[in-house]
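What you see below is based on every heavy atom in this structure, not just the backbone, and it leaves out hydrogens, waters and symmetry mates. Chain naming here is simple, since letters A, B, ... match the order of the sequence lines and numbering starts at 1 in each.
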Amino acid sequence: MSNQTKKYFIGGRDLINIGIFTAIIFIITMAVMPLGFIPVLMPLYCVIIPVVGGIPWMLFATKVKKLGMVFIMSMLLGLLLMLTGMGWYALPVCAVSGIITELILKLGAYKSKKHTVIAHGVFCTWLFGSYIPLIFMADTYWQQNADYGEEFISSAKSIFQIWTAPVLIALCVAFGILGGLLGLKIMKKHFAKAGIV
Amino acid sequence: MIELKNVSFTYLSENSDESSAELNGSLSNIDLRIEKGSFVLLTGPSGCGKSTLLRLINGLIPHYYSGKLEGEVVIDDEPVNDKPLCKSAEKIGTVFQNPRSQFFNVDTTSELAFLSENLGVEAEIIKSRIEQTAESFQIKNLLDRSIFHLSDGEKQKIACASIEVGKPEIILLDEPSANLDYHATMQLRKLIAQWVRQGRTVIAAEHRLFYLWDLIDRVVLMDDGKIIKDYNKNELNKLSDNDLSELGLRSAHSPAPTEIELPVVTTDDKTLTINSLRFGYKQGFFNRSKVNNNIIDIHNMELALGKITAITAANGEGKTTFLNCLCGLERRSKDDIIINGAPFKRRNRLNSFFMVMQDTNHQLFTDSVLEEVMISLPEPNEDKALKILESVDLVCYKERHPMALSGGQKQRLAIACAVASERDYILFDEPTSGLDYGHMKEIAALMRQLRNLGKTVIIVTHDSEFIEACCERKVNFVSRG
Amino acid sequence: MLKGDYGKKSFINPITKLVLLVTLPAFLMGGLGGTDAEIFTLIFPLVSLFLLFISKNLKAGMVGLLMYIAVIIAWSVLPSGSDGIFHIILFIVVGIVTGLLPCALMSVYVISSTTASEFITGMKKLFIPDVITIPMSVIFRFFPTVKEEIQAINKAMTMRGIRFGGRNAAGILEYRLIPILMCSLKIGDELTAAALTRGLDSPRKRTNICDTRFRFQDFFLLALCFCAYLVWVLSLFGIHFGEVVKL
């Protein structure tokens, strides 16, 4: 493979980088997951993971110079969510967020810091995939148990309503951007200083 | 035949993941010819360019490490510079220094198959080659196992086997024994000897000479990117250990660490007595296997206070765990340790022991050398910190990021932190792994400095020269007994 | 997969595991097939419990079983149709236990009983491309490594007497995450160099030495899943098995 084509096609080292950073981001996710046992705290996923995950992600972004790497990462995260029992609903979410993130990065020519930070915000919507069963599938669950009384069902529905979905997505993006900024700061302080970036 | 014709190379930091310290190792005007079937040793102080030379041969330069390259590298009349890495992989196998970071797969058999799978070899052929290699390398007992359950020595064996499956003509070894103890190093030697007997071309970059000395045909001595001297077999036989140290090299004949004669304790010594120390790992939630790693069960060990004690072992396991227990880091350890007639409880030990770990990267956190020493002081005090940095010769690096230092410098920084902590007991886990002769002597001098400050220095090491350079007492460690 | 138990063959094929992993959430959490598929909402949790027990993962199996029993008891003891915050919470918990839990247990089974290589092979047989399977290999290979790094870094911090972040509130991030990232980068670099010298970037089609076979239990479980999907599809066309199979 000539050096020219190597610039455009994803090679072995890119795949390894994707694997490493996906592993790190997923480990951060797993570390925060136990919070989910208390339903009220579940939205915190959209706060903590984007912020902390921003640091490795921005580092990863310095190695992303080709189309497709971020999309693969997004799909892998979706796959990992599936493996940990969240179902396959995350996959379409990850596909969409992955594609939009790719577009933003491409617009920034893989160099613009602003674009990268915003891209991370969008990327973090992959987390939303883990909420889907609880928000949307709840409907079908109630359908199976229609004999529990109208009042009951309506008040249960009011907690996990459809309107919570955009709120969660907004949280992911907002804190994702914060995480991106944090990532930039840490990169400058440590990684650039150490000569690693 | 391998030829380097007037090769010069400088690393450029763009696209490279290496820290700036490792960007040393550039080459200037190298002319070298290596005959087929010979065993060449490349050696010289750290940063002399031996790894760079290997990378030019296996193609990592220019395909992975970028930089300015001049001159030609030719293997069997084919220029290497433009050849893709996978083509080079068909003929050349490389074994790297760190057993933990060179394997791609999680289980050993997949790792052995990896090379051939990548090259598109048929499954049946791969399987029979694995059988053959397992037979000739005697690693049948290592097949189908999780790499994470192997010792470092076993990992390096797998690394060697994984390139052997491809039956490479040229074998490159980049400090393969740096992280191995004596026993594992001798096992590695056996594999290398086999390759030599089979007539492969072997090129090894190494500091540790003793385990290869009688196998090699030629030594290429490098310094600062140039070839200083090229010794053939006759000239090698005439070199004494003294000659070698004058050249800044390790000795060619080293006894096994366990054979070095040093007392455990003398009658004048005050001691720390370990009546008993027991520790074993618990099983995890996902773990169904009954494999127990690293059980420590020790009785009646004495360590001299205020002296430099070496802890050696005939073979691998348990030493690091032992240090962790001694240091008070393992909560589940059951111990009965006496100091000055009183029990030395785990909590007290945690505040009295400072451990310098094998991989210093695990214990450097801040963004400047000075800050790293400051957080180690009981009370932050810049003057004190600077004084300590002076004593380890790192003052001019005080604003540098710790991760940007070289291996030897990181060791010295860790020692500075140990001194700053003002603790009386300092433990070292293989402080001289991968260090060349000069740096090893520096560390030995620092050990003596620590001892002169009244500290008790305990060093787990397999480096015989180092033991002879500074250790005063020695304990042969057995994990159960 | 994290600490594979090698030499022992899995009870079921990795492809079957992947199919189950997709099917269970679809029916248990997604309510595919509605009331017609109700019988499957009882069968599938039993399948996951069974697999756990048969793979000798007793801890997880017992936890799952106990949670089921607790929920069934709680649900039958409390009067239905009433409102109140406690009831709603219980409802959510029931939803989690009967929906999320069996899927999570299924994952525990898959993770604990499959070696990473088996898993990757399964994915390849399902025609999932190299750009997914190779990073996946790296992820599995990296989990234990990161765990080791984290443990080592924690030890170092404890030894130096730096609890959490020490003097700095943001220290948790700085003193823990940064060293992990640095070490991971270094390992990644060495890993890449080693893999490249072993032909990772080869344009040739990769071959594979793992073989997977299908046995009775695989056919049975796959048939079970197939029936579930069948019921769902038929219900879309208005054919209901509800009257026949309803409990």
Side-chain angles (χ1 to χ4, degrees), chain A residues 1 6 10-24 26-28 37 39 51-52 55-56 59 68 72-73 75-76 79-80 82-89 132-134 136-141 143-145 147-149 151-152 155-156 159-160 182 186 189-191 194 196, chain C residues 21-22 24-26 29-32 34-35 38 41 80-83 87-89 91-92 95-96 99-101 103-108 110-111 130-132 134-143 146-147 150 173-174 177-178 180-182 184-185 187-188 191-192 195-196 200-203:
Chain A
M1 210 186 265
K6 245 198 278 185
I10 293 182
R13 98 190 57 173
D14 301 309
L15 293 175
I16 293 181
N17 278 327
I18 296 173
I20 294 174
F21 286 98
T22 310
I24 294 177
F26 196 69
I27 288 175
I28 295 173
F37 281 122
V51 171
V52 179
I55 303 174
L59 216 47
I72 295 177
M73 178 186 262
M75 295 309 289
L76 284 171
L79 212 73
L80 287 169
M82 184 183 94
L83 267 188
T84 49
M86 298 293 170
W88 56 265
Y89 315 102
I132 292 188
L134 291 149
F136 299 108
M137 306 308 158
D139 271 3
T140 39
Y141 184 84
Q143 182 204 330
Q144 285 178 297
N145 298 279
D147 51 338
Y148 281 112
E151 263 181 81
F152 182 78
S155 48
I159 292 199
F160 274 124
L182 181 64
I186 300 259
K189 185 177 181 204
H190 280 271
F191 294 89
I196 294 183
Chain C
L21 216 47
V22 173
L24 257 70
M29 301 205 297
L32 230 52
T35 38
E38 218 174 57
T41 64
S80 61
S82 53
D83 289 322
H87 219 80
I88 294 174
I89 293 178
F91 214 69
I92 296 173
I96 291 177
L100 195 60
L101 187 69
C103 303
L105 289 178
M106 190 69 220
S107 313
V108 169
V110 170
I111 292 175
D130 270 346
V131 288
I132 296 277
I134 291 185
M136 209 76 199
S137 292
V138 175
I139 292 175
F140 291 136
R141 182 243 178 281
F142 236 70
F143 279 151
V146 176
K147 181 171 161 240
I150 292 177
L173 279 188
E174 233 187 314
L177 189 59
I178 310 286
I180 294 171
L181 283 179
M182 298 250 186
S184 303
L185 280 182
I187 293 175
L191 176 66
T192 309
L196 287 175
L200 182 66
D201 253 351
S202 164

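C:Ser137 pairs by the side-chain contact (heavy atoms from CB on, under 4.5 Å) definition with B:Phe104, C:Ile120, not counting sequence neighbours. Remark: A:Ile27 engages C:Phe143, C:Val146 in a side-chain contact (heavy atoms from CB on, under 4.5 Å) (not counting sequence neighbours).
Between C:Pro135 and A:Leu15, some side-chain heavy-atom pair lies under the 4.5 Å cut-off. Residues C:Met136 and A:Thr22 form no side-chain contact, since every pair of their non-hydrogen atoms from C-beta on lies 4.5 Å or further apart. Looking at heavy atoms from C-beta onward, C:Ile180 lies out of side-chain contact with A:Ile24 at the 4.5 angstrom threshold.
For a residue to count as touching a neighbouring chain, one of its non-hydrogen atoms must lie under 4.5 Å from one of that chain's; by this rule A:Met75 touches chain C with the side chain only. Both the backbone and the side chain of C:Ile132 come within contact range of chain A, with heavy atoms under 4.5 Å apart.
Once rounded to the nearest 0.5 Å, the distance linking OG1 of C:Thr192 with CG of A:Asn17 reads 5.5 Å. Atom-to-atom distance recorded for A:Ile55:CD1 and C:Ile178:CD1 is 5.5 Å, nearest 0.5 angstrom. The distance from atom CD1 of A:Ile16 to atom CG of C:Asp201, rounded to the nearest 0.5 Å, is 8.5 Å. Note that CG of C:Leu196 is 6.0 Å distant from CZ of A:Arg13, once rounded to the nearest 0.5 Å. Separating the CD1 atom in C:Ile139 from the CG atom in A:Leu83 is a distance of 9.5 Å, to the nearest 0.5 Å. Interatomic distance, CG of C:Leu181 versus CZ of A:Phe191, reported as 4.5 Å (0.5 Å rounding).
Across all non-hydrogen atoms, the minimal contact from C:Met182 to A:Ala194 is CE-CB, 4.4 Å.
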